Amino acid sequence: MTELEADIRAAVRKLCEHFGDGYWREMDEQRAYPDAFVRAMTEAGYLAILIPEVYGGSGLGIREASIVLEEINRSGGNAAVCHAQMYIMGTLLRHGSEEQKRLYLPKIAAGELRLQAFGVTEPDAGSDTSSIRTTAVRTSDGYIVNGQKIWTSRVQHSDLLLLLVRTTPPDQVAKRTEGLSLLLVDLRDAIGRGVTIKPIRTMINHHTAEVFFDNLHVPYEQLIGEEGKGFRYLLDSWNAERILIAAESLGDGYWFIERTVQYANQRIVFGRPIGQNQGIQFPLAQAYANIQAADLMRFRAAELFDSHAPCGAEANMAKLLAADAAWQAANIALQTHGGFGFAAEYDIERKFRETRLYQVAPISTNLVLAYIAHNVLKLPRSY
Ligand SMILES: Cc1cc2nc3c(=O)[nH]c(=O)nc-3n(C[C@H](O)[C@H](O)[C@H](O)COP(=O)(O)OP(=O)(O)OC[C@H]3O[C@@H](n4cnc5c(N)ncnc54)[C@H](O)[C@@H]3O)c2cc1C
C-alpha cells in the first residue's frame with residue numbers, strides 16, 4: 001500500500017468513527033437515508049475522489065476509491081448509500097461532452113448536485129439488459145421517454161438519473177446491444193412531469209424504487225456520447241461498479257472476521273473461550289484466507305481499470321470472489337455468535353442481510369459465471 005492509500009484509509013476510518021453501530025442500526029430500523037453520513041463524506045471530498053482535479057475532484061483512481069468504500073463497510077456502515085456517484089460519474093467523465101463535464105462535474109464535486117441513480121434494470125428484462133423496453137423517441141429538440149425501471153436505488157436522493165433507453169427498435173439493429181442510449185435526466189424538473197417514483201421496501205435499508213416514465217421530455221443535450229452506443233458505455237461503468245462492490249464486500253468480510261474473532265475470544269462456554277475450539281477457529285481461518293485472496297483480485301482489477309486496460313474478467317471475478325467470501329464470513333459470524341447473532345444490538349444480523357445483496361446485485365453470481373465461461377473459457381454461449 002502506498003503512503004497516500006494508507007492516509008486515505010486512516011482518514012476515512014476516522015470519519016466513520018463518528019457514525020458508529022448505533023447510527024447505522026437506527027437508520028436500518030427507521031429505513032432512513034443516512035443524510036448526515038453522506039454529507040460528511042461529500043464535504044470531506046471522498047465521493048469526488050475519481051473526478052479529475054480540473055473539475056474540482058481529487059483525480060485519483062478506482063484503486064483509491066475502492067479503499068474509501070471498503071473502509072465504510074469495514075467500519076460497520078453501508079457504502080451502498082453513496083457508492084453510485086463514483087461509478088455513474090465515470091460514464092459522464094469517459095463519454096460525456098466537454099460541455100456536459102464542465103456543467104455537472106464541478107457541482108457534483110462540490111456536493112451541490114447529486115448524481116447517484118442509475119436506471120438500467122426493468123421488470124420484464126431482468127438480467128437481459130438488451131431486452132429493455134423503455135424507449136426514447138427523437139423529436140425536434142430532444143426525446144420523449146416512455147417505460148418503466150425497477151430497483152432504481154437512491155433515485156429519491158439524487159438530482160440526476162443516468163437512464164438506459166432504447167432509441168432504435170431491436171429489429172432495426174444488427175445486434176440487440178446496439179440502439180441503446182444513455183440519457184442524463186434532471187429529476188428536479190422531471191418528477192411530477194413525466195416521472196413517477198414508487199419506493200420498494202426491501203429486507204435491507206436500501207432506498208430503492210420503481211420509476212415510471214410517461215411522455216417525459218428530455219432535451220437533446222442530455223444524451224451522453226453517441227446515440228445507440230449506450231451499451232458500450234455501460235460496460236465501462238459496470239467494470240468500475242464491480243470493482244467497487246468487491247471492495248465493499250471485502251469491507252464486510254473484514255468486519256465480520258474482526259467482530260467474530262473478538263467475540264470468540266470473549267465468549268466463555270464450558271469454562272473456556274469458544275475461540276479455543278478448532279470447530280470455531282477453522283471456519284474463521286478459511287473465510288479470512290478467502291477474503292485475502294479476493295482482495296488480491298480486487299487490486300488486480302483496479303490496476304487494469306486505472307491503466308485503461310481490458311478488465312472485464314478481473315472486475316467480474318473480483319466481485320464474485322469478494323461477494324462469496326463476505327457471505328461465507330457472514331454465515332460464520334452468525335454461527336459463532338450463536339443466539340446473539342440474531343439480536344439487532346449485535347449488528348451481525350443487519351450486516352448479514354446487507355452483505356447478501358451482492359450475490360444478486362448489481363449482477364447475480366450466475367451471470368458472472370456465464371461471463372467467465374463465455375468470454376474467458378470460450379465455452380458456447382448459453383444465452
Ligand atoms: C436492493 C437492490 C438494488 C438494486 N439497485 C439497482 C440500481 O440502482 N439500478 C439498476 O438498474 N438495477 C438495480 N438492481 C437490480 C439488479 O441489478 C438485478 O436485480 C440483478 O441484475 C438481477 O436481475 P433480476 O433481479 O431481474 O433477476 P433475473 O434476471 O430475473 O434472474 C433471476 C435468477 O435467475 C438467474 N438467471 C437468469 N438468467 C440466467 C441464465 N441465462 N443462466 C443462469 N442463471 C440465470 C439469475 O442469476 C438469478 O439468480 C438492484 C437490485 C436490488 C435487489
Side-chain angles (χ1 to χ4, degrees), residues 27-28 31 33 78-91 114-134 147-158 160-166 176 180-185 187 195 197-213 230-231 233-235 237-242 244-246 248-249 252 315-316 319-320 323-324 327 350-375 377 379-383:
M27 293 295 116
D28 182 61
R31 289 291 189 271
Y33 186 73
N78 185 2
V81 298
C82 60
H83 62 191
Q85 179 173 303
M86 288 185 178
Y87 52 79
I88 300 176
M89 183 283 305
T91 310
R114 296 166 306 170
L115 167 56
Q116 51 173 4
F118 202 0
V120 175
T121 310
E122 295 189 5
D124 293 331
S127 304
D128 182 6
T129 304
S130 64
S131 295
I132 62 157
R133 293 204 205 142
T134 298
Q148 185 197 341
K149 295 288 169 181
I150 192 169
W151 308 118
T152 311
S153 303
R154 299 158 303 273
V155 66
Q156 289 164 297
H157 303 279
S158 192
L160 301 167
L161 162 70
L162 189 65
L163 181 68
L164 185 73
V165 290
R166 183 159 280 289
R176 284 156 58 86
L180 297 170
S181 303
L182 285 172
L183 300 178
L184 195 59
V185 175
L187 291 163
V195 167
I197 294 172
K198 197 170 154 214
I200 307 172
R201 189 179 163 89
T202 59
M203 67 186 252
I204 48 174
N205 184 24
H206 202 86
H207 321 281
T208 194
E210 285 179 279
V211 185
F212 299 87
F213 302 90
F231 192 82
Y233 305 155
L234 265 188
L235 297 180
S237 64
W238 277 346
N239 287 335
E241 184 182 46
R242 277 156 212 185
L244 295 175
I245 297 287
E248 290 172 44
S249 290
D252 283 343
N316 274 289
K319 189 265 175 193
L320 172 81
D324 278 355
W327 180 232
R350 172 175 60 82
K351 293 285 278 182
F352 182 88
R353 284 182 278 119
E354 287 171 359
T355 212
R356 183 63 177 83
L357 175 65
Y358 297 127
Q359 302 273 317
V360 171
I363 179 171
S364 72
T365 300
N366 277 0
L367 271 288
V368 173
L369 294 172
Y371 178 95
I372 297 167
H374 299 165
N375 297 293
L377 306 181
L379 286 162
R381 292 191 68 87
S382 57
Y383 56 84

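None of these values were measured; they are calculated from a predicted model. Only this structure's heavy atoms are used, side chains among them; waters, hydrogens and symmetry mates stay out. All ligand and atom numbering here is 1-based and tracks the order in the structure.
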Parallel, tilted or perpendicular: ring planes of Phe118 versus Tyr87, cut at 30 and 60 degrees: tilted
message: Taking the cut-offs as 6.0 angstrom to the six-membered ring centre and 45 degrees off its axis, would you call Arg381 and Tyr383 a cation-pi pair?
response: yes
query: How far is atom 28 (P) of ligand 1 from its nearest protein heavy atom, and which residue and atom is that?
result: Ser127 OG, 3.7 Å
message: Under 4.0 Å from atom 13 (C) of ligand 1, is there at least one protein heavy atom?
response: yes
message: Show the atoms of ligand 1 that are less than 4.0 angstrom away from any heavy atom in Val120.
response: 11 (O)
message: So, taking the atom named CZ in Phe352 and the one named CD1 in Ile204, what distance separates them when rounded to the nearest 0.5 Å?
response: 13.0 Å
query: Can you tell which of Ser364, Pro362, Ala361 gets a heavy atom nearest to atom 21 (O) of ligand 1?
result: Pro362
query: Are any of the protein's heavy atoms under 4.0 angstrom from atom 34 (O) of ligand 1, yes or no?
result: no
message: Heavy-atom pairs closer than 4.0 Å: do any link ligand 1 to the side chain of Leu357, the backbone, both, or neither?
response: side chain
Enumerated ligand 1 atoms positioned under 4.0 Å from heavy atoms of Val360: 20 (C), 22 (C)
query: How far does CZ of Arg154 sit from NE2 of His206, to the nearest 0.5 angstrom?
result: 5.0 Å
- prompt: Starting from atom 43 (C) of ligand 1, which protein heavy atom do you reach first, and at what distance in Å?
  reply: Asn366 ND2, 3.5 Å
message: Rounded at 0.5 Å granularity, tell me how far OG in Ser249 sits from CD in Glu354.
response: 11.5 Å
- prompt: Does the pair Leu187 and Leu160 meet the rule for a side-chain contact (heavy atoms from CB on, under 4.5 Å), with working shown?
  reply: CA-CA 5 Å; Leu187 291 163; Leu160 301 167; 5.9 Å; no
query: Among Tyr383, Tyr358, Phe118, Trp151, whose heavy atom sits nearest atom 41 (N) of ligand 1?
result: Tyr383
message: With the threshold set at under 4.0 angstrom, would you say Ala370 reaches ligand 1 through any of its heavy atoms?
response: no
task: May I ask whether atom 47 (O) of ligand 1 is less than 4.0 Å from at least one protein heavy atom?
output: yes
field: Arg31, CZ: over 12 other non-hydrogen atoms inside 6.0 angstrom
entry: yes
